[in-house]
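Let me begin by presenting the structure, written as structure tokens, before commenting on it.
Order of listing sets the numbers, starting from 1, for every ligand and every atom in it. Values reported hereafter were calculated over all heavy atoms of this structure, with side chains retained and with hydrogens, waters and symmetry mates removed. Everything numeric in this text was worked out from a predicted model, so none of it was measured.
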Amino acid sequence: MRVLVVGSGAREHALVWKLAQSPRAPELFAAPGNAGIAQLATCLDVAAEDVEGVITAARSNSIDLVVVGPEAPLAAGMVDACREAGIRVFGPTKAAARIEWSKSFSKRIMDSAGAPTAHFEVFSDHEEATEYVREHGAPIVIKAEGLAAGKGVVVAQTVAIALSALDNIMLNRAYGDAGVEVVIEELMEGQEVSVFTFTDGKSLTPLVAACDYKRIYDGDKGPNTGGMGGYSPPPWWDDAMEQEVRELLIEPVIRQLAAEGTPFEGVLYGGLMLTDEGPSLVEFNSRFGDPECQLIMPRMENDLLDVIDAVIDGHVAELDLRWSAEATVAVVLASAGYPSVYATGKPITGLADGPESTIVFHAATAELDGQTVTSGGRVLAAVGHAATIAEARTLAYQAADAIAFEGAQHRTDIANFDV
Ligand code: AMP
Ligand code: GLY
């Protein structure tokens, strides 16, 4: 069996790593992959967003299954295109992935499903949006309607910040057409948690939970990033909470999407906030999280190919998905200057020097003159797995500390609940 994973980050490395353990011993390919993925798969020179390129590559390499990692190809209709071409594919259609690529659609679905979420209004007129912000005051949350690589959301503590966000998104078009409309919503306060379920549009697996760290510096200071680390499961996550979140927030949305003729088939990622009034939805994503995928793949006891088959073939109701009781912690190593301007091409050492029970997933690496070098902002994710979060944390930091490249930075407070 030949499987092609689309994407090039640590999330995709974690997927390839897990697929490589399948008893079915699939032959693995990646488009385009990275230096870590290349140790387990054949990397093809095709960009993740290149729908036609992926179809052509799948055909010429006799691929039996395509697994789409990132949101951009899902929003570009890669799953629809694969299906039309008769290629077996894991991921939601463009219409179902709209739950991620359109914030106003997503909020409307949550509302129609009766799932708790912050009160919101949608604006396409800059002046009306400005007036609304002036009337309502701060704090207030401003969101670009479309995909903005995780940068289109401003949690504004003052009216001035909110107004400048509106200017930036709607007038300056900082995120292009993603800013044709904005969603303006109420601020929610509480602990954030990411939950994941596999669904065929009819049934869903029990939720698995993880927490990530979005800010670059310790103590949640500095600008937002793609994610600087995380842990799973959260120590306070229990069966009662899983059931409440599933029944109140996730199942109704899966039912609503199906009722509207766009059933979601894939892995659905719910971002939620545990507020004083109970759990409430922040957003949905149509894919695995990054770094959450690096946290949950080492905890999955099933063959990932069986899980994918159940989703594609509509047998999720019969799937017995099991997560190990082990805890995982991920520490991301980033280039100096990230998330702003950074250099690449820095040689990396110590990749294999971490202790047992650690895995180093590559996020942005390349092979240059026989050496592994940095090739992006977030470079690596060091993951530790152990009986407790505290032990997993120690292991992840030992693996991270063994690695060196010029200007490497990481947070020192990941999964440290004492600070
Ligand atoms: P999103 O892209 O919708 O996930 O937003 C990115 C981040 O902004 C979330 O992970 C939250 O930390 C924050 N955020 C979004 N919406 C709200 C809200 N209504 N209240 C508080 N924080 C929010
Ligand atoms: N962990 C955030 C994301 O994957 O969008």
Close side-chain approach of Ile296 to Phe196, heavy-atom, < 4.5 Å: yes
Closest contact, heavy atoms only, Thr117 versus Ser280: CA-OG, 3.3 Å
Ser232 and its side chain to side chain donor-acceptor pair (under 3.5 Å) partner, picked from Arg299, Glu326, His385: Arg299
Polar side-chain atom of Thr394 near backbone of Ala390 as donor-acceptor pair, under 3.5 Å: yes
N or O contact, Glu292 vs ligand 2, cut-off under 3.5 Å: yes
Atoms in ligand 2 flagged as close to Gly289, the criterion being non-hydrogen separation under 4.0 Å: 4 (O)
Element-labelled atoms of ligand 1 that are located less than 4.0 Å from some non-hydrogen atom of Met273: 21 (C), 22 (N)
Arg11 N/O under 3.5 Å from ligand 2 N/O: no
Centroid-centroid under 6.0 Å between Phe198 and Phe288 rings: yes
Element-labelled atoms of ligand 1 that are located less than 4.0 Å from some non-hydrogen atom of Glu192: 9 (C), 10 (O), 11 (C), 12 (O)
Side chain, backbone, both or neither: Tyr269 near ligand 2, heavy atoms under 4.0 Å: side chain
Exercise: do Ser194 and Glu292 side chains pair donor with acceptor under 3.5 Å: yes
Close-contact set for ligand 1 against Glu185 heavy atoms, below 4.0 Å: 16 (N), 17 (C), 18 (C), 19 (N)
Residue portion contacting ligand 2 (non-hydrogen atoms closer than 4.0 Å) for Arg287: side chain
Residues in side-chain hydrogen bond (donor to acceptor under 3.5 Å, both in side chains) contact with His315, at least two apart in sequence or another chain: none
Selected option - heavy-atom contact closest to atom 1 (P) of ligand 1, from Glu186, Glu283, Glu100: Glu283
Min N/O separation Val153 to ligand 1 under 3.5 Å: no
Atoms of ligand 1, numbered as shown, that sit under 4.0 Å from any heavy atom of Leu187: 20 (N), 21 (C)
Glu189 side, atom CD; Glu277 side, atom CD - distance, nearest 0.5 Å: 10.0 Å
Residue Lys143 vicinity, atoms of ligand 1 by number, heavy atom under 4.0 Å: 3 (O), 15 (C), 16 (N)
Under 4.0 Å to a heavy atom of Asp212 - the qualifying atoms of ligand 2, by number: 1 (N), 2 (C)
Contact atoms of ligand 1, heavy-atom distance to Lys214 under 4.0 Å: 10 (O)
Parallel, tilted or perpendicular: ring planes of Tyr231 versus Phe417, cut at 30 and 60 degrees: perpendicular
